[in-house]
Amino acid sequence: MNNSSVPFADLHAQYLTIKDGIDTAIADVIRTSAFIRGPYVERFESEFSVAVGAKHCVSCGNGTDSLYIAMHSLGIKPGDQVITTAHSWISTSETIAQAGGEVVFCDTDALSYTIDPAQIESKITSRTVGIVPVHLFGQPADMDAIMAIARKHKLWVVEDCAQAHLARYKGRLVGSFGDAASYSFYPGKNLGAMGDAGAITTNDEGLAKRMAMFARHGGLKKGDHQIEGINSRLDGLQAAVLSVKLPHLTSWTRKRQQVAARYDALLAETPGVTCPITLSGREHVYHLYVIQHEQRDSLAQHLNERGIQTVISYPVALPFLPCYSRLGHRPEDFPNAYRNQSRILSIPIFPEMTDGQIIAVAAAISEFAV
Ligand SMILES: Cc1ncc(COP(=O)(O)O)c(C=O)c1O
């Protein structure tokens, strides 16, 4: 790496800002051997439900499980169809099949990368049971339109909030619109553990109970297996880490937004670069700052040669992945997702980013453009 190198994210820099709290919390868990369930897990579940304004929080092993647990507990039957976006991480769609359903993809709208509600209704059939919108990159999906369709057709909604902790739609926190909301605390997420971790939130007590049972071998008490379930647990060490980090989430989010605003200003006039657009009424929490460029791969290589790490989220839109070849989708079925997959590039963004790092990234991008 040279002088201007910038990592994509810097988890160690974040750790150093809260080192004492993290080290103490980890030592406490080890001292009390509260590795599975116990006080640290219960505490985080209650703190997180307060933070996101939900009545119940069911923690689990990771964000993928959180989607699976939610959809399974909503009672998907074989043949049921679930509509989701063409642009997301594979967890969003693979868990629909895991839960027993069939995925039906919808294109994204041209500006926000989130599911285009205008297209959802045309995909609804007598077999449709639910919708999984994703608040992709940290920008809320159009929840008013999505909830109106869900109410009209009596569909459940599971919000995939893996990239959007504390994002708001018309002033209201994401995750508070649908029947349930799933979260990932993968280390690089806006709220990240030091390993795998996830949670589902809901205001529905019955659903919360079914999800908790399913995640814990089908029972809430040892030996009491009401149903067959799975083993998906947030462990005590991760819960303790998350409790130390949670109070910082608001200020970390603000810093992400400041970095994004700085990029917006520095890159506004850069030829060939399209900066992210936040639609009105939406508060973007910038899990990722995603630009577009016609020569995306050459730009990524140019940045890489200067020690600036980038990521493509994601190089192939979901319907075009080999695992969905059975659906026989063509580029014209999802023109926005298809077009974007070869143009998008996520550039470094993290709360601890220095102004020097932001300037170095923007300068390297501008240098490519000329
Ligand atoms: C949109 C989305 N959904 C679900 C997940 C799954 O989370 P996890 O990696 O914790 O299983 C992720 C994580 O990358 C994600 O970005």
Side-chain angles (χ1 to χ4, degrees), residues 8-9 11 44 48 52 57-72 82-99 101 103 105-106 108 112-115 130-141 143 146 157-167 174-175 178 180-201 211 215 230-235 237-239 241-242 245 256 276 284-290 311-319 321 323 337 340-341 344 346 349-350:
F8 187 67
L11 299 183
F44 176 70
F48 192 66
V52 298
C57 171
V58 176
S59 61
C60 61
N62 54 68
T64 308
D65 281 359
S66 67
L67 287 161
Y68 170 48
I69 292 164
M71 287 192 272
H72 181 280
V82 177
I83 297 173
T84 194
T85 171
H87 192 158
S88 186
W89 173 239
I90 183 72
S91 303
T92 311
S93 51
E94 70 184 352
T95 49
I96 292 171
Q98 283 166 18
V103 62
F105 291 112
C106 214
T108 51
S112 70
Y113 301 105
T114 57
I115 192 167
I131 308 173
V132 183
V134 181
H135 307 302
L136 198 71
F137 305 150
Q139 170 152 214
M143 291 315 296
I146 293 164
V157 173
V158 173
E159 292 176 70
D160 185 340
C161 302
Q163 303 187 3
H165 315 71
L166 301 191
V174 297
S182 75
Y183 289 88
S184 166
F185 306 118
Y186 179 85
K189 295 290 195 255
N190 289 21
L191 177 63
M194 291 183 158
D196 272 318
I200 317 114
T201 58
M211 294 194 298
I230 60 167
N231 175 12
S232 182
R233 298 188 279 231
L234 174 69
D235 67 66
L237 286 167
Q238 301 309 334
V241 164
L242 288 165
K245 289 189 170 193
R256 284 179 181 275
H284 198 316
V285 295
Y286 292 100
H287 172 55
L288 298 175
Y289 188 94
V290 179
V311 170
I312 299 167
S313 300
Y314 301 91
V316 181
L318 293 173
L321 288 169
C323 61
N340 291 341
Q341 69 180 20
I344 48 173
S346 308
I349 187 164
F350 48 95

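Whatever order the structure lists ligands and atoms in, that order sets their numbers, starting from 1.
Residues R256 and K189 come closest through the heavy atom pair NH2-O, 4.3 Å. Here the closest heavy-atom approach between residue A167 and residue G138 is recorded as CB-O, 3.6 Å. Nearest heavy-atom pair, L136 versus Y113, reported as atom, atom and distance to 0.1 Å: CD2-O, 3.8 Å.
Residue D196 places no N or O, backbone or side chain, under 3.5 Å from any N or O of ligand 1.
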Test I312 against I344 for side-chain contact (heavy atoms from CB on, under 4.5 Å), laying out the working first.
-> CA-CA 6 Å; I312 299 167; I344 48 173; 4.3 Å; yes
Given H287 and Y186, is the ring-ring contact (aromatic ring centres under 6.0 Å, His included) satisfied, shown in steps?
-> CA-CA 12 Å; H287 172 55; Y186 179 85; 8.8 Å; no
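Summary of contacts: the protein heavy atom closest to atom 11 (O) of ligand 1 is T64 OG1, 2.5 Å. Taking atom 14 (O) of ligand 1 as the reference point, the nearest protein heavy-atom neighbour is K189 NZ, 2.7 Å. Annotation: atom 3 (N) of ligand 1 to nearest protein heavy atom, D160 OD2, 2.7 Å. Of the protein's non-hydrogen atoms, W89 CD1, 3.5 Å is the one closest to atom 12 (C) of ligand 1. Considering only non-hydrogen protein atoms, atom 6 (C) of ligand 1 sits nearest to S91 OG, 3.3 Å. For atom 16 (O) of ligand 1, the closest non-hydrogen atom on the protein side is Q163 NE2, 2.9 Å.
Residues passing the side-chain hydrogen bond (donor to acceptor under 3.5 Å, both in side chains) test with Q238, sequence neighbours excluded: none. Annotation: side-chain hydrogen bond (donor to acceptor under 3.5 Å, both in side chains) contacts of T114 (sequence neighbours excluded): S112.
Residue contact check for ligand 1: G198 places no non-hydrogen atom closer than 4.0 Å to it. For H287, the closest heavy-atom approach to ligand 1 does not fall below 4.0 Å.
Against a heavy-atom cut-off of under 4.0 Å, S184 is close to the following atoms of ligand 1: 7 (O), 8 (P), 10 (O). Within ligand 1, the atoms closer than 4.0 Å to a non-hydrogen atom of Y314 are 16 (O), numbered from 1 in the order shown. Atoms of ligand 1 found under 4.0 Å from any heavy atom of S88 (numbered from 1 in listed order, with element): 1 (C).
Proximity of V134 to ligand 1, defined as any heavy-atom pair under 4.0 Å, is confined to the side chain (atoms from C-beta onward).
Comparing C60, G63, A162 by heavy-atom distance to atom 2 (C) of ligand 1, the nearest is A162.
Aromatic ring orientation, Y183 versus F185: parallel (interplanar angle below 30°, classes split at 30° and 60°).
Remark: of the listed residues S182, S93, C60, S182 is the sole one forming a side chain to side chain contact (heavy atoms under 4.5 Å, CB included) with L67.
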